[in-house]
Amino acid sequence: MGERIGYLGPAGTYTEQAALLYAPEAEFTPLPTINAVGAGVANGDLDAGVVPIENSLEGSVTFTQDLLITQTGLSIRNEVVIPIDHFLVAPPGVEADQVRVIFSHPQALAQCRAYLESRFPLAQNEASLSTAAAVADMQGSSVPAAAICPQRATELYDVQVLDRGIQDNPINQTRFAVLARTDHAMTGHDRTSICFSFTVDRPGSLYHCIGEFAQRNINLVKIEKPSHQTGAGALHIPDRFGWPPPGNGRSGGFGGSEAKGRHVEDPGFLPDVGTATRLNRRQNAPISKTGPLGSRSYFGHHALRACRPR
Ligand SMILES: O=C(O)C(=O)Cc1ccccc1
């Protein structure tokens, strides 16, 4: 029996495409939400789960950010990047000028905003749990409806294609995370992520944290504050940074296994840091249509209780 892999379903989603690319021989389980995928991996029902994590046009997928912050016991084992090409579909017999509501995943609706405003100014946009779920929502709609979905969904379901390539920007890619209970082995050519929060919010807190990376010559690739707050007064800042290869002499004491031990599993390099929910994730040897990105991420969720004044 192949690996049991869950994905944001139903069949026909972009996430299914990513999952098929990652492990064509696996035994697949479509799940209705990103949270259900994370829970299935954490409780052992699944060996791995595939969820969208970031889009080149719309940025982070907030559902996945929330999952990574709140669900313990998950690692990011790998990543898959695929191009996104949106199709507009309707039930057979429904013409474009009849459409009054358009269903899709919020990211897909956002990626087609200008197109929808110019071509369907009177149609209402409705969020679905996924692009393939949008096709089912469309089919169950009491008013003439359309859906934005991948080409794969147009092949699986009884729909007519009204338009294709409707995203506002042709350069549209989504990165998918492969979640598992165990990490990928280190390669020395990795990327690391950490998520932390302040329980005491004061001027310079973030400045001092980021300074720790700069002092050790660790290149920060991205820093981000989710729009939502999880926990009273807490500021959550997922933070992704490049990781120097072990033993290359550039890591300033945080390279290789030492980095893993001190820096992420016990983030003592941050002043007065307490570790909250522990989420350790790495990803390695990502797969993409354009070839491996050669990076790995390691996520940790840490509570920064106080920041040392300097
Ligand atoms: O809904 C889907 O098909 C997904 O896999 C999530 C998604 C939605 C829009 C762009 C990329 C991924």
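Numbering of ligands and ligand atoms starts at 1, following listing order. Numbers here are sequence positions counted from 1.
Glu3 and Arg77 are joined by a salt bridge, as a carboxylate oxygen and a charged side-chain nitrogen come within less than 4.0 angstrom of each other. Between Arg175 and Glu79, at least one side-chain nitrogen of the basic residue sits less than 4.0 Å from a carboxylate oxygen of the acidic one, meeting the salt-bridge criterion.
Annotation: atom 2 (C) of ligand 1 to nearest protein heavy atom, Thr131 OG1, 3.2 Å. Of all protein heavy atoms, the one closest to atom 5 (O) of ligand 1 is Thr15 OG1, 2.4 Å.
Without hydrogens or angle criteria, Ser141 side chain to Val143 main chain gives a donor-acceptor distance under 3.5 Å.
Using a 4.0 Å cut-off to heavy atoms of His105, the atoms of ligand 1 that qualify are 1 (O), 8 (C). Taking every heavy atom of Ser130 and a limit of under 4.0 angstrom, the matching atoms of ligand 1 come to 1 (O). In the vicinity of Thr13, heavy-atom distances shorter than 4.0 Å reach the ligand 1 atoms 2 (C), 3 (O), 5 (O).
Distances from ligand 1 to the non-hydrogen atoms of Thr174 include at least one value under 4.0 Å.
In the model, Gln173 has no side-chain atom that pairs as donor or acceptor with a side-chain atom of Asn55 under 3.5 Å. A donor atom on one side chain and an acceptor atom on the other are found under 3.5 Å apart for Gln167 and Asp85.
The shortest N or O to N or O distance between Tyr14 and ligand 1 is below 3.5 Å.
Ring geometry for Phe63 against His105 counts as perpendicular: the plane angle is over 60°, on a 0 to 90° scale with 30° as the lower cut.
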